[in-house]
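Below: the structure, in structure tokens.
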Amino acid sequence: MASYTQAAQLLTQAIEGLDEPYRENTVRWLERCMQHPVGSLEEDLRDFLGDLHPVVRESFLLHTHQLLEDALYYFGRDLTRVQARREPRPSLSQLLAL
């Protein structure tokens, strides 16, 4: 399994964890990045990531991960997300190693 396939699965899970309208706003943003409408989120993400140059893909994943982590913290469905102190963010390589 290519690392971008796993990354597409992780991004899809994060996006699906957002409440509306934040989920829809994220999908619209991704449509602008991909330059086409999203049919199947995970499949479209996998294809999009597979088409990117590896350096661009790593940068996109790093920044998107950080944005989605913050979005999930503030707008996610998990009500236990409120913490006194936030944990440091794992690196992309740590996430993909899981």
Donor-acceptor pairs under 3.5 Å, side chain of residues 26-34 to any protein atom, not counting sequence neighbours: which ones?
unit_1	atom_1	unit_2	atom_2	d
T26	OG1	Y22	O	2.8
E31	OE2	V38	N	3.1

Tabulate below the donor-acceptor pairs under 3.5 Å that side-chain atoms of residues 43-61 make, not counting sequence neighbours, or state none.
unit_1	atom_1	unit_2	atom_2	d
D44	OD2	G39	N	2.7
H53	ND1	V55	N	3.1
R57	NH1	L49	O	2.7
R57	NH1	L52	O	3.2

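Once rounded to the nearest 0.5 Å, the distance linking CG of L72 with CG of L18 reads 4.5 Å. How far CG of N25 is from CD1 of I15: 12.0 Å, rounded to the nearest 0.5 Å.
Judged as a side-chain contact (heavy atoms from CB on, under 4.5 Å), and not counting sequence neighbours, the contacts of Q13 are L10.
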